[in-house]
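Report on the following structure.
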Amino acid sequence: MTGGRGFPDGPRVALVTGASGGIGFVMARSLALQGFHVVMGCRDLAKSEPLRAAIETEARASTAAGPGARVDLLRVDFASLASVRAFADEVAARYGRLDAVLANAGTFSYRREVTEDGFERTLAVNYLGMALMLDRLAPLLRATGARTGDVRVVATTSIASYWGRVSPTVRFFRRVPAFLRAYAASKLAQVLFVLQFAEEMRGTGVAANLFHPGVVATGIFKGRTVFAKLLDAYMQRTALSPEEGAAWGIRLASASEYAGRTGGFYAKEGLQGLSRRMRDRTLRARFVAATREAAEEDGAGRKAPPP
Ligand SMILES: NC(=O)c1ccc[n+]([C@@H]2O[C@H](COP(=O)([O-])OP(=O)(O)OC[C@H]3O[C@@H](n4cnc5c(N)ncnc54)[C@H](OP(=O)(O)O)[C@@H]3O)[C@@H](O)[C@H]2O)c1
């Protein structure tokens, strides 16, 4: 059962963003086959609907999920704060529980682009939208955690986070240089936010972790420049499969041995040591505060409506 503000029994609900391909599709499929009611958050409905239908059909035929299995598809464009707000509010209104959020949508821009809100695009899509989504979903996550004691937030970050630099100002979101610096910054930003979120959620039954999937042969580094074509060709030959890349995400979201573990960064070998910047609690708190300020602004610097 879905809808309403009550707390329905029935399958656990898992939200997977960027589920229209690559690592996100594999995670959505795996969770559906395990019996989760999966909600795919995707920007292109025409591309994603056949994938949703295929996962649902497969889940209905599986033993763990069975004939009642459901996979839903909701539209969200992480390049638009208004779209993220509407999406998170729709999730909160439609589902009475939320047991897992896999914050996975991500992009990589070879040239500088600016969103409708005036932010550098890679940072906005990979990070700012994720942060806004998690904050808007926090009341539902807490309510679910209070009932089950086992809610999991899992973000797909990258080893690039170790090279990233961020500055705890709203201006940073508008000025960050594009390309690799923006990507690395967006991934460090994810780490800082998720670690802070994990702290804020301590004792509520909501855990938050991150993982680096490895170098995975997906579409994320595709582009029109010669460099992009060479990089993509190299990756398609040498990189991990999306199934291999998704393994940590699936484990952190659903394996019983990870219940209650929070504030960790996982990669191939397991739990990773954090960099000095990731461990800097002052930077983390100031950066998250700047993020929340930025996420409340529209392109003209006006405050957005509260949830
Ligand atoms: N591949 C790697 O080697 C690697 C390494 C480290 C970390 N990661 C991270 O893994 C995550 C998944 O990437 P992937 O490798 O699986 O690449 P992918 O196949 O390109 O998947 C990215 C997903 O994000 C979605 N997305 C992109 N921009 C969006 C937007 N504005 N709004 C909503 N959704 C959007 C894409 O939707 P569309 O289908 O509509 O484009 C797609 O579903 C990303 O966060 C990435 O940074 C990947």
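When a ligand or atom number is given, it counts from 1 through the structure's own listing order. Counting begins at 1 with the first residue of the sequence.
Here the protein heavy atom with the shortest distance to atom 32 (N) of ligand 1 is F78 N, 2.9 Å. Nearest protein heavy-atom neighbour of atom 46 (C) of ligand 1: I220 CD1, 3.4 Å. Shortest contact from atom 43 (O) of ligand 1 to any protein heavy atom: S20 OG, 2.6 Å. At the top of the distance list for atom 10 (O) of ligand 1, counting protein heavy atoms only, stands T156 CG2, 3.2 Å. In this structure, atom 14 (P) of ligand 1 lies nearest to the protein heavy atom T218 OG1, 3.4 Å.
When heavy-atom distances to ligand 1 are checked against a 4.0 Å cut-off, Y183 comes that close only through its side chain, counted from C-beta outward. When heavy-atom distances to ligand 1 are checked against a 4.0 Å cut-off, I23 comes that close through both its backbone and its side chain. Contact annotation for V76 and ligand 1: only backbone heavy atoms (N, CA, C, O) come within less than 4.0 Å of the ligand. Proximity of T157 to ligand 1, defined as any heavy-atom pair under 4.0 Å, is confined to the backbone N, CA, C and O atoms.
Looking at ligand 1, you won't find any N or O of G24 less than 3.5 Å from one of its N or O atoms. Some N or O of K187 is nearer than 3.5 Å to an N or O of ligand 1, by distance alone. Considering backbone and side-chain N/O atoms, M235 never comes within less than 3.5 Å of an N/O atom of ligand 1. Backbone and side-chain nitrogen or oxygen atoms of D77 are examined, and one is located within less than 3.5 angstrom of a nitrogen or oxygen of ligand 1. The shortest N/O to N/O separation between P213 and ligand 1 does not fall below 3.5 Å. Considering backbone and side-chain atoms alike, H212 places every N or O at 3.5 Å or more from each N or O of ligand 1. Close N/O approach between G18 and ligand 1 is found [any backbone or side-chain N/O within under 3.5 Å].
Taking the ring centroids of Y162 and F265, they lie under the 6.0 Å cut-off. You'll find the ring centres of F108 and F179 inside the 6.0 Å limit.
Within the 4.0 Å heavy-atom cutoff, G214 counts among the residues contacting ligand 1. Residue contact annotation: V125 has a non-hydrogen atom under 4.0 Å from ligand 1.
Put simply, V216 and V16 are part of the same group of oily side chains (I, L, V, M, F, W, Y) that touch within less than 4.5 Å, one to the next.
Near G22, the atoms of ligand 1 lying under 4.0 angstrom from a non-hydrogen atom of the residue are 16 (O), 19 (O). Proximity to G219 (heavy-atom distance under 4.0 Å) selects the following atoms of ligand 1: 19 (O), 20 (O). For ligand 1, the atoms closer than 4.0 angstrom to any heavy atom of V215 are 3 (O).
Between R136 and D89 a salt bridge is recorded (basic side-chain N to carboxylate O distance below 4.0 Å).
Annotation for R281: atom CZ does not count as buried by contact number, only 12 or fewer foreign heavy atoms lying within 6.0 Å.
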